[in-house]
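Let me begin by presenting the structure, written as structure tokens, before commenting on it.
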Amino acid sequence: MRGTHGEKIVSALESDKLPKQDKSRLQKAIIKYDEWVNSLNTIKSDNLDILINKLVKALNDYKYYIDVDVIFDSKQDFLYRQKGQLKLDNTVIEEFLPIFVKRCIEKKFGNCNIDIGSQTATFSSVYFASSLSNPGLGGELNIKTKDQDFSMSRKLYIKSSYSPDFKKEETSTITTHLGYVLAELKTNLDKTMFQEASATAHDIKQAVTGAKYYLLCDYLDMTPISTATTDIDEILITRKARRISSNIRKDYATYNGRKLHRENYINYLKQYPYSPDIFKRFINHIFSQIQNEDLIEESVLNLGYF
């Protein structure tokens with residue numbers, strides 16, 4: 001079963017709008033994709049830092065292949081112009097991050113008993129669609145969920161009933177996921193996206209007070225704004241770079257324009273690869289949540305702070 005990114009390649013390959021000249025490119029991409037996922041799941045190292053470096057290198061190599069060999073070098077303009085619809089490039093990181101986090105947790109702790117994935121419907125709020133005239137089953141329990149680009153969650157079962165012993169025929173049961181570490185993944189971060197992420201982070205923490213919310217973006221496309229007044233725990237710029245300016249990007253829409261700027265584009269990608277340091281920082285945030293221990297009064301008094 002293929003993940004988010006693999007499904008996007010298959011979907012593009014099956015599209016009636018795909019130029020015939022690009023079909024072989026995507027057929028090769030499927031093979032490369034399967035090899036990439038297999039490598040992410042089998043790369044080994046006795047050292048966590050080295051494992052992270054190897055995983056991020058595999059990400060950089062594959063993402064370069066998708067960005068340049070598949071999309072940018074196509075003599076047709078369909079793959080580049082329809083990037084926003086096809087999502088061939090920006091789903092690479094969506095598929096990578098859950099595998100990366102799971103591999104790191106297993107390396108650090110030996111196992112991973114948390115659900116890790118992308119586009120998981122996580123709990124957002126609960127409401128009861130009942131009234132005095134229509135009490136409904138268990139008060140007509142309903143929940144709202146929200147898909148997240150990345151989530152670490154636990155499955156939760158909720159029951160409601162007017163019966164104190166929860167008789168089966170009088171009880172409503174719902175299964176959902178409580179998200180504890182959530183992340184929005186963006187190719188570029190602009191002010192509108194920042195504001196939307198701030199609102200999402202607030203909603204998430206209203207639903208689950210212990211949740212952590214991160215915003216990961218490839219490129220910065222705005223003047224940095226402090227997250228101190230928001231519910232975003234941290235913004236991580238995974239390539240440590242600003243986005244290529246729009247007056248240059250507009251020329252990429254045609255094959256001739258891409259040929260003209262190819263060398264500069266490749267130099268830019270190689271100058272600003274995904275940074276292992278940023279992924280180490282993200283995984284350390286997760287480790288700190290997993291290792292969060294209850295405060296012991298004696299230890300707190302010895303330290304003098306908590």
Side-chain donor-acceptor pairs under 3.5 Å in residues 214-224, sequence neighbours left out?
from: D218; atom 1: OD1; to: T238; atom 2: OG1; distance (Å): 3.3
from: D218; atom 1: OD1; to: Y274; atom 2: OH; distance (Å): 3.3
from: D218; atom 1: OD2; to: Y274; atom 2: OH; distance (Å): 2.8
from: Y219; atom 1: OH; to: R239; atom 2: NE; distance (Å): 3.3
from: D221; atom 1: OD2; to: R243; atom 2: NH1; distance (Å): 3.3

- Please identify each residue that fulfils side chain to side chain donor-acceptor pair (under 3.5 Å) with S161, with sequence neighbours left out. T171
- Note on the structure: By side chain to side chain donor-acceptor pair (under 3.5 Å), R262 pairs with (sequence neighbours left out) D73
Determine all donor-acceptor pairs shorter than 3.5 Å in which one atom belongs to a side chain in residues 149-160; sequence neighbours excluded.
from: D149; atom 1: OD1; to: Q119; atom 2: NE2; distance (Å): 3.4
from: D149; atom 1: OD2; to: L185; atom 2: N; distance (Å): 2.8
from: S160; atom 1: OG; to: G138; atom 2: O; distance (Å): 2.7

- Note on the structure: By side-chain contact (heavy atoms from CB on, under 4.5 Å), K167 pairs with (sequence neighbours left out) S163, D165, E169, E170
- Query: Is K57 paired with D61 through a side-chain N to carboxylate O contact shorter than 4.0 Å?
  - Reply: yes
- Determine whether Y268 and N264 make a side-chain contact, defined as any pair of heavy atoms from C-beta on separated by less than 4.5 Å. no
- Message: Check this for me: R249, atom CZ, are more than 12 non-hydrogen atoms of other residues, nucleotides or ligands nearer than 6.0 Å?
- Response: yes
- salt bridge (Lys or Arg N to Asp or Glu O under 4.0 Å) filter on K87, not counting sequence neighbours, yields none
- Task: Look up atom CD1 in I114 and atom CD in Q289, then write down how far apart they are to the nearest 0.5 Å.
- Result: 10.0 Å
- Which class fits the ring pair H5 and Y62: parallel under 30°, tilted 30 to 60°, perpendicular over 60°? perpendicular
- Query: Rounded to the nearest 0.5 Å, how far apart are CG of L18 and CG of L79?
  - Reply: 6.0 Å
- Side-chain hydrophobic cluster, 4.5 Å single linkage: members besides L137: none
Table please: side-chain donor-acceptor pairs of residues 124-133 below 3.5 Å, with sequence neighbours left out.
from: S130; atom 1: OG; to: G139; atom 2: O; distance (Å): 3.1
from: S131; atom 1: OG; to: S133; atom 2: OG; distance (Å): 3.3
from: S131; atom 1: OG; to: N134; atom 2: N; distance (Å): 3.2

- Verify, without hydrogens or angle tests, whether K75 (side chain) and Y255 (backbone) share a donor-acceptor contact under 3.5 angstrom. no
- Taking atom CD1 of I283 and atom CD1 of I105, what is their separation to the nearest 0.5 Å? 5.5 Å
- Going by side-chain heavy atoms closer than 4.5 Å, which hydrophobic residues are tied to Y162, directly or by a chain of links? none
- Item | Donor-acceptor pair, side chain of N90 and main chain of K186, under 3.5 angstrom | no
Report, one line per pair, each donor and acceptor closer than 3.5 Å where one atom sits in a side chain of residues 31-40; sequence neighbours left out.
from: Y33; atom 1: OH; to: G3; atom 2: N; distance (Å): 2.9
from: Y33; atom 1: OH; to: E95; atom 2: OE1; distance (Å): 3.4
from: Y33; atom 1: OH; to: E95; atom 2: OE2; distance (Å): 2.4
from: D34; atom 1: OD1; to: R2; atom 2: NE; distance (Å): 3.2
from: D34; atom 1: OD2; to: R2; atom 2: NH2; distance (Å): 3.0
from: W36; atom 1: NE1; to: A58; atom 2: O; distance (Å): 3.2
from: S39; atom 1: OG; to: W36; atom 2: O; distance (Å): 2.6

- Counting only N and O atoms by type, is there a donor-acceptor contact under 3.5 Å from the side chain of R258 to the main-chain atoms of Y80? no
- Do S45 and N47 have a side chain donor and acceptor closer than 3.5 Å? no
- Task: Give the C-alpha distance, both sets of side-chain angles, the deciding distance and a yes or no for side-chain contact (heavy atoms from CB on, under 4.5 Å) between L269 and K63.
- Result: CA-CA 10 Å; L269 291 180; K63 186 63 160 59; over 6 Å; no
- Task: Output all residues satisfying side chain to side chain donor-acceptor pair (under 3.5 Å) with E7, sequence neighbours left out; order by chain, then residue number.
- Result: none
- Task: Please identify each residue that fulfils side chain to side chain donor-acceptor pair (under 3.5 Å) with S74, with sequence neighbours left out.
- Result: D22
- Task: Give a yes or no on whether the backbone of D231 and the side-chain of K205 come within a donor-acceptor separation of less than 3.5 Å.
- Result: yes
- Task: Determine whether more than 12 heavy atoms belonging to other residues, nucleotides or ligands lie under 6.0 Å from atom NZ of K102.
- Result: no
